[in-house]
Each structure stands twice: as structure tokens, then as C-alpha cells.
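Take a look at the structure below.
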Amino acid sequence: MEHSKSTGNFLQTIIEEDLASGRVDRVVTRFPPEPNGYLHIGHAKSISVNFGLAEQFGGHCHLRFDDTNPEKEAQEYIDAIQEDVRWLGYEWQGDVRYASSYFEQLYAWAEYLVEQGDAYVCELDADQAREFRGTLTEAGRNSPYRERSAAENLDLLRRMRQGEFADGTRVLRAKIDMAHPNMNMRDPILYRIRKRHHHQTGDAWPIYPTYDFAHGQEDAIEGITHSICTLEFEDHRPLYDWFLDHLPVKSRPRQYEFGRLNTSYTVTSKRKLKQLVDEEVVDGWDDPRMPTIAGLRRRGVTPAAIRRFCDMVGTSRANGVADVAMLEHAIRDDLNENAPRAMCVLDPLKVILTNIDDSVNDLLIAPRHPGKPELGERQLPFSRELYIDAADFREEANKKYKRLVLGKRVRLRSACVIEAHDVVRNAAGEIVEVHATAIANTVGSDPEDGVKPKGVIHWVCARGGSRATVRLYDRLFRHPAPDRGDTDFMAQLNPDSLRIVDCAIIEPALAVASPGERFQFEREGYFVADSMEHSADSPVYNLTIGLRDVWENAGGAG
RNA sequence: UGGGGUGUCGCCAAGUGGCAAGGCACCGGGUUUUGAUCCCGGCAUUCGCAGGUUCGAAUCCUGCCACCCCAGCCA
């Protein structure tokens, strides 16, 4: 956004050079998810890279579902992925595309390869094929079916397509080199027989192309100029190029790889995410603790924060782990600037202002955002009884404690200064009420006697406030790398990742908010009205992220 | 042990032969009716290691080390 030219990443450099040399005259990228799961923060990076590069160079980005394996895919994911990409703020060029809409062309190319003598039908079963493939250090052996005639191969391929053969009994393979040091070049599989219903093509096909045989050609069909994927596909590039070299494609895309985005304290593997959902560790794919786009959205994270995070992390060819603190910073930064302020008392302690008459019902005015007067104001009911947070009162404390102390003063945010003079206890000896006096003429100014309050605390009027449920979320894992090698991620779960407060007290502005509205609860953090469960009758807020707190981080609680 | 990658501050990351950007985190100090925000300052004599080339190297050469990916009819 700012001065992005001076410190460009390697992809920007490549594109600039391609444009300058005339290798391409425009930029077309694509985001090609397989619709077999929900998008997560790692995908956001890929989305940001692909759509971002297109945007930056005045090009286009396609959204293409790489739906070559009906076994794991579903319409549900197609819908969710589109919603997530749009929510992130990106717009793809043209219609949504599907690999499956190119099946006919792909098949024609398969016949072409067979006719050229570059592909053959192999009848080795999966186990035999593995055995013939060799190992990382030993060459493989040629399949006994490798030297069939083009005519025989063509006949067999057509019969595969007709559905004459059972699943797994035959595959179409490219004839490349069974001794190639790159395993991907040892006569890779182009088509496999899989008699499954496909969410887009129905029962039209008994055979489906593999990723390798499909991806580059899809890119060529769409005129993709820069096909950007993650590092683990690097070994596939020679094969990607091999197909483009051997097929009469009309354009020549190139593949580039970058390092995946990993984030500390989180897992992003589909299998692990699914396990969290299946074992009901979380409430679903959109649980606010999930690193899915849907989860982040429900958590109250903004699209701008996610994009900012992706920009902050950058794009390189190194595989690293970004500190989740960077994401948190991006979230706070955006919300600090844009979220209206409001007050909510999470752990209510009643305060009675003994010098205020019970008949008083004032309405104080406070800005919705101290730095943005254009956001307007809100009204704060004020009367004899109110609530403050239990942690904001102590009978005695050292001078570092900047809240209400018996016999001392504190300012009520956006209201007057009060001085505590008494406490009321229950039978168990616990403080259930604080009695205080409001200092006259202190709304908007300091006490006339010159005794300034020690600090500022938030509060809500007992009469004007209402009760709410607030869910306090924390990171799902306590280990910085729950994913790592031998670590059992399920054993690293944070037992306190969710704490539900069901008797919080909120000011009126929070009761009337709409689902999805975000606020800063002053002195606490950023919260969002839950998109599913919040209503004026029964308000429900989710913690997005707490405010930075140097006092608490320094062990200030003591 | 085959092939492909990557190693620059605790984390991310610029840098492409001329004398180590930036962000996050962290540590000081200031402002503040949010212990927030904001502001100011600090934070790699050194670029995985060892040699070499050069007036000069994180950048070039050689060797070594560490880590990641690949043996799905997944993507």
C-alpha cells in the first residue's frame, strides 16, 4: 500500500522483469483451492499474494476450483470458499472457474499424448506400481505395459472413459523416465478410474485427471501468466513444464513457488482442524478459536487486519513461522482506529454513591471514539448505583495501583470522580458493595480541591445497564508450535481457551448493537457482537483480542 | 545414501560486490479522563560454518553443517 516498490519481494521482481522484457504483456494469476475443506489463515496468504499481485500490476486473478478428485470435494466447500474470498475483500475476474469444466479438453490432450507415443495405459495395481517406482535412492523399473502400441493404448483409454473397467485396474501414465532422480518424472499418472459422482459433472466421468496432468493445462487454458503455489510443488515444476512442452497448448504459463505461511500457536493442517471439530474441542469450523477464515470472522477479526498481517509477514522462499503476535498487532491496529468505544463490566461489583439521591437519572454524553469525533456520541445513564469491575477496587494498595482504593479517589471514565469511604460485606466476609461519594463538578474537569484521582476505571449504571454474555477467548494451544514433529497437538490444548462470563453488565449502546458490530470495551479489549447468537434481548459478545497490557505483563496484579 | 529447496537480530523480512532497511517482540523515557493509543530513544562491528577471490563480500568461488520437501491411482 505505502511505498511497496522499494522493498519488493521476489515475485514482484520477477513480474517486473517479465513485463519489462516483454515476456508477458499483462499479469494473470489464479487462486486454485480444492473444495475439500474450509479456508484458513494460510490460504489467506495465498489469496493475498495472488490477488495482490494482480491488483498491483493492473492484471487479473481468477478463482478456480481445482476439483479433480470428487472423492473429497463438496458443494458446501465451494460456497464457503467463495464467501471467504469475497469477505477478505477480493474480486475474481469473470465467473468462478472449475478444473472440471476443462475435463473434455484434458481428455482430448490425453489421447493426443497417447497418439504421440508419450502416454500408455498401465495395468499394474497400486502396490505393484509402488514397487516398480523404486525408491528415493534407487531407480524404478519400466512397467511391463510400457511398450504397448499407440493403437492399443488409444483403445484402452477410450474403454476406460466408457467405464468398462473397474476402479484401480488401470491408469494412464506419461512415458518419461523410470530412472529419473525426481520421483515425479517416473511415468506419472495422468488418469485414474474412479466411478464417483462429481459435484459439478455428475456421473459423466468414470475417470479423473490427476493434479499434475490438470494444473498446468488449466493455467494454459485460462492464459495464466504466473502460476504461484507453495514450495512443496517445486519438484512438480519439471512435470508441469513437460506437459506444456508436449501438448499443443495456446499459452505458456510459468510456475513459481513461495513459502507457506505458518503461525505460532496454531495448527492449519486440514486433518488436525477437522479433528478439533469432530472431537468437539471447538464448536465448529467457525468457532472463534479456529484459524479458519470463518473462525477469524466470527471472532471479530477484520479483513483489513488479515490482509495487513499477510503484508507484514511478506513473501519469500523460506519456510518459517510467523509470530501470532504479528497477527494480533494487525488486529489491534485496525480496531483501535475503527472500533467505537463502549463500557462493559465483566466482574460486577456494586458501588453506591451515597451523596446521589435515588431519584437522580442523568444522561452523560461520551464520544463513540475519542480520536474520531465524526463517529458521534453516545449517552451514558448515570444514577446512584453503578457497577465497576471487582478488580478495580481494593481496600488498600500501594501507589502503583491506579484504581479505586478505600479512602481514595478514582475517575469514572467519561463521568465524575468518586471517593470510596466504606465497604459492605456478606456473611462470608466478601465485599459485596462499595460506598462512595461523587465529587461535585468533576465531569470534564479535575476536583476543585486539587486532589486529583489516581486513575480512570470503567463502569456501567446499575439502572441503565443490561446483562450480557461475554465469551473470553484465548489461544487454542499453549505450545508455540503445537504442530511440530513429535508433539501431540491434542495434548497441547489450552484448557482456558474459552471462559464464559454470563453476567457481565453492558451500557445501552452495546445492547442495541447489531450482530457483527465491533467495539472496544474500554480498558478490556476488542469485542464483537456474535453473528449467530447476539440479540438485544440476550446480548452475546466475543472477545476478539485484549488490549495490550504492560501492567499485567509486568506482573502488576500484585 | 538420490533429487529439489532454505539458512541475515527472539520472530518475519529487505539486501543481487561498496561498507546490514523495515515490521513484530522486547527495554527505556514523554503525553494521556482507556495501565490502550500516540510520540521519542535503544535493540545484528555482523549475515549457518570454514577457507578462497577482491582495494572492498551477506552478496562471487570451494568445501562443510543444519533444517524443510519428494517414494498417493491426494492437492
Side-chain angles (χ1 to χ4, degrees), chain A residues 6-9 13 32-34 36 66 68-69 71-72 122 124-126 129-131 133-140 167-173 180-186 188-194 207-208 210-212 214-215 229-238 257 259 261 264 270 309 311-330 332-333 336-337 341 343 366 370-371 400-403 410-415 417 442-446 453 455-458 480 520-525 546-554 556:
Chain A
S6 51
T7 58
N9 61 53
T13 304
E34 182 185 18
N36 68 345
D66 215 355
T68 56
N69 184 1
E71 230 155 7
K72 326 177 145 182
C122 179
L124 255 21
D125 66 29
R130 186 180 320 114
E131 202 178 306
R133 193 154 36 232
T135 69
L136 294 177
T137 53
E138 302 160 34
D167 282 12
T169 57
R170 284 169 183 75
V171 293
L172 181 72
R173 303 175 71 173
H180 200 108
N182 179 342
M183 299 294 286
N184 294 122
M185 300 298 272
R186 319 246 263 225
I189 291 171
L190 278 48
Y191 271 94
R192 67 288 213 187
I193 301 172
R194 194 118 317 165
I207 58 175
Y208 291 95
T210 54
Y211 165 85
D212 285 313
H215 208 92
C229 60
T230 43
L231 251 26
E232 68 270 26
F233 288 99
E234 193 157 19
D235 296 345
H236 293 248
R237 193 171 58 214
E257 311 85 17
L261 169 61
S264 63
K270 248 165 221 172
F309 172 57
D311 285 349
M312 275 169 75
V313 170
T315 308
S316 76
R317 286 176 58 84
N319 252 328
V321 182
D323 193 332
V324 74
M326 280 198 231
L327 207 212
E328 296 174 344
H329 170 81
R332 289 191 183 103
D333 205 34
N336 173 54
E337 184 164 338
R341 282 32 347 181
M343 292 191 282
K400 285 190 155 184
Y401 186 78
K402 310 199 311 190
R403 311 177 188 187
V410 80
R411 172 175 292 284
L412 296 181
R413 175 69 166 165
S414 299
V417 174
T442 51
V443 176
S445 49
D446 284 330
V456 182
I457 63 173
H458 58 289
Q520 182 198 93
F521 288 3
E522 292 191 278
R523 299 211 312 132
E524 293 288 0
L547 252 27
R548 261 182 91 233
D549 189 346
V550 295
W551 192 65
E552 190 157 283
N553 288 347

Look at A:R186 and B:G3 and indicate whether a side-chain polar atom (N or O) is within less than 4.0 Å of OP1 or OP2.
-> no
Touch class at under 4.0 angstrom, heavy-atom based, for A:L124 against every strand present = base
Listed partners of A:E257 passing salt bridge (Lys or Arg N to Asp or Glu O under 4.0 Å), at least two apart = A:R237, A:R317
According to the 5.5 Å centroid and 30° plane-angle thresholds, does A:W551 stack upon the nucleobase of B:G35?
-> yes
Could you tell me whether B:G72 is syn or anti, where syn means a glycosidic angle within 90 degrees of zero?
-> syn
Is there a donor-acceptor pair under 3.5 Å between the side chain of A:S264 and the backbone N or O of A:V324?
-> yes
State whether the number of non-hydrogen atoms from other residues, nucleotides or ligands found under 6.0 Å of A:K400 atom NZ is greater than 12.
-> no
Nearest-nucleotide check on RNA chain B, A:R170 vs A:R403; residue mapping nearer the 5' end is A:R403
Decide yes or no on side chain to side chain contact (heavy atoms under 4.5 Å, CB included) for A:R403 and A:R523, but give the supporting numbers first.
-> CA-CA 12 Å; A:R403 311 177 188 187; A:R523 299 211 312 132; 4.2 Å; yes
Using only side-chain N and O atoms of A:R411, determine if any of them is under 4.0 Å from OP1 or OP2 of B:G35.
-> no
NA contact type, A:P370, heavy-atom cut-off 4.0 Å: base, sugar-phosphate, or nothing?
-> base
Using a 4.0 Å heavy-atom cut-off, write out nucleotides 4-11 of chain B from 5' to 3' as B (base contacted by protein), S (sugar-phosphate only) or - (no contact).
-> SSS----B
